[in-house]
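Treat the numbers as computed from the prediction; the structure is a model and nothing was measured. Values below: every heavy atom of this structure, side chains too, minus hydrogens, waters and symmetry copies. Sequence lines set the chain letters: A, B, ... in the order given, protein chains first and strands last, and positions in each chain run from 1.
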Protein chains: 2
Amino acid sequence: MKYTEKLRNSGLRPTKQRLQICEVLFDTEKTFHFTINELSLKIKKQIDNKISLATIYNTVHAFEKKGYLKQIPINSNETYFDTNVCDHHHFYDLKKEKLIDLENADVGPIDIKRKIDGKKIKSVEILVKLED
Amino acid sequence: MKYTEKLRNSGLRPTKQRLQICEVLFDTEKTFHFTINELSLKIKKQIDNKISLATIYNTVHAFEKKGYLKQIPINSNETYFDTNVCDHHHFYDLKKEKLIDLENADVGPIDIKRKIDGKKIKSVEILVKLED
DNA sequence: ACACTTTTTTAGAATCATTATAAACTACAT
DNA sequence: ATGTAGTTTATAATGATTCTAAAAAAGTGT
């Protein structure tokens with residue numbers, strides 16, 4: 001199996017459910033954004049057996065911790081995740097409530113001049129809100 | 001009263017509760033970040049009478065709609081607000097779960113090269129996550 | 001001041017995403 | 001094959017937020 005090694009190397013047992021969730025998340029042409037609810041529906045469509053909601057939550061969080069998924073900082077009652085874990089930014093269409101990827105080339109270099117003692121920058125994320 | 005006019009001009013009746021919440025939010029040396037829960041505690045400390053939680057929610061949302069408060073896009077189970085409504089960005093200390101303002105001078109100019117047809121940019125917000 | 005309309009406040013209930021629980025199940029090392 | 005540590009699962013619990021509908025307050029005209 002394609003993802004068995006990847007999971008084992010991360011200290012995650014390659015269970016049937018995790019491998020199936022890997023397929024739904026990573027066997028795609030393009031990366032995509034999702035909420036747990038959306039992912040849950042996608043899984044129902046693509047997989048015969050049922051995977052419980054708790055497992056989907058657990059798995060998504062495990063993958064996020066391992067760096068296979070990223071949370072997108074946005075104010076919404078649902079948490080958004082991204083299968084694109086490269087450094088990149090987002091448009092957020094306020095009307096449609098839709099996220100759009102910004103390629104790195106779409107954003108000029110970002111210069112954070114201030115430093116905080118004893119802390120280092122883990123990530124820099126830009127959210128560009130769009131209106132009509 | 002200091003805030004009576006401001007409220008009336010926004011089409012909000014200057015009720016006792018709203019005026020008191022204005023005092024807590026805006027009668028301060030510095031701007032600050034808060035969750036509804038934190039604000040609720042702050043109000044309890046500073047004000048004699050009780051203001052119901054529903055009113056705090058209503059008022060904060062009304063103020064946000066009028067542009068007197070800003071929501072901070074961040075992944076948290078609680079929504080964060082900012083009394084600093086000038087364009088600016090944030091550090092987020094992952095360990096302490098604390099937001100820190102970045103002055104505009106702390107960040108070099110941001111160049112968003114991509115355009116989306118029929119949409120205009122409403123805001124550009126940067127979240128810089130900090131780790132140890 | 002009074003009557004009337006509209007807005008606001010309020011306590012409590014409802015909602016809904018997420019997390020916790022604890023029992024059944026599975027992967028994997030020995 | 002057996003043991004054990006890690007997983008899955010259905011369900012319950014949690015907790016932030018929103019809804020509801022009745023009471024209170026604000027605004028308006030008289």
Legend entry - Per B:His61 side chain, nearest of listed nucleotides D:dT18, D:dA16, C:dT9: D:dT18
Inset, instruction - Measure from CD1 on B:Ile51 to P on C:dA11 and round the result to the nearest Å. - result: 11 Å
Inset, instruction - Identify which nucleotide among D:dA26, C:dT18, C:dA20 has an atom closest to any side-chain atom of A:Ala54, counting heavy atoms from C-beta outward. - result: C:dA20
Inset, instruction - Mark yes or no: A:Lys6 above the aromatic ring of A:Phe26, with NZ or CZ under 6.0 Å from the six-membered ring centre and no more than 45 degrees from the axis. - result: yes
Legend entry - Whole-Å distance separating the CG atom of A:Asn49 from the C1' atom of D:dT8: 12 Å
Inset, instruction - Under 4.0 Å between any heavy atoms, over every strand shown, what does A:Asn58 touch: base, sugar-phosphate, or nothing? Just pick one. - result: base
Inset, instruction - For the side chain of A:Leu12, starting at C-beta, report the closest nucleotide among C:dT8, D:dT7, C:dT10. - result: D:dT7
Legend entry - 5' priority, DNA chain D, between A:Lys16 and B:Tyr80 [closest heavy atom]: A:Lys16
Inset, instruction - Write down the distance between CD (B:Gln20) and C1' (D:dA25), rounded to a whole number of angstrom. - result: 14 Å
Inset, instruction - Please report, rounded to the nearest Å, how far the P atom of D:dT18 is from the CD atom of B:Glu78. - result: 13 Å
Inset, instruction - For A:Thr15, answer base if it contacts any base atom (sugar-phosphate contacts may also be present), sugar-phosphate if it contacts only those atoms, and nothing otherwise; contact means non-hydrogen atoms under 4.0 Å. - result: sugar-phosphate
Inset, instruction - For A:Ser76 and A:Glu78, test the side chains for any donor-to-acceptor distance below 3.5 angstrom and give the result as yes or no. - result: no
Legend entry - Contact nearer the 5' end of DNA chain C, comparing A:Arg13 with B:Ile56: B:Ile56
Inset, instruction - For the side chain of B:Arg8, starting at C-beta, report the closest nucleotide among D:dA16, D:dG27, C:dT18. - result: D:dG27
Inset, instruction - Indicate, with yes or no, if B:Tyr80 and B:Leu53 share a hydrophobic cluster defined by side-chain heavy-atom contacts under 4.5 Å among Ile, Leu, Val, Met, Phe, Trp and Tyr. - result: no
Inset, instruction - Give the nucleotide from the list D:dA16, D:dT9, C:dT9 with an atom nearest to the side chain of B:Thr55. - result: C:dT9
Inset, instruction - May I ask you to say what B:Thr35 touches in the nucleic acid, namely base, sugar-phosphate or nothing, with a heavy-atom cut-off under 4.0 Å? - result: nothing
Inset, instruction - Look at A:Gln17 and D:dT9 and indicate whether a side-chain polar atom (N or O) is within less than 4.0 Å of OP1 or OP2. - result: yes
Inset, instruction - Would you check if there is a donor-acceptor pair between the side chains of B:His90 and B:Asp82 at a distance under 3.5 Å? - result: yes
Legend entry - Phosphate OP1/OP2 of C:dT9: any B:Lys50 side-chain N/O under 4.0 Å: no
Inset, instruction - State plainly whether the residues B:Asp132 and B:Lys95 are in salt-bridge range, i.e. N to O under 4.0 Å. - result: yes
Inset, instruction - Could you check which of D:dT9, D:dA10, D:dT8 has an atom nearest any side-chain atom of A:Thr59? - result: D:dT8
Legend entry - Side chain of B:Tyr57 (C-beta onward), nearest among D:dA16, C:dA17, D:dT8: D:dA16
Inset, instruction - Select one nucleotide: of C:dT10, D:dT7, D:dG27, the one nearest the side-chain heavy atoms of B:Ser52. - result: C:dT10
Legend entry - Spacing of A:Glu5 atom CD relative to C:dC28 atom P, expressed in whole Å: 10 Å
Inset, instruction - Give a yes or no on whether a donor-acceptor pair under 3.5 Å exists between the nucleobase atoms of D:dT7, that is its base, and the side chain of A:Arg18. - result: no
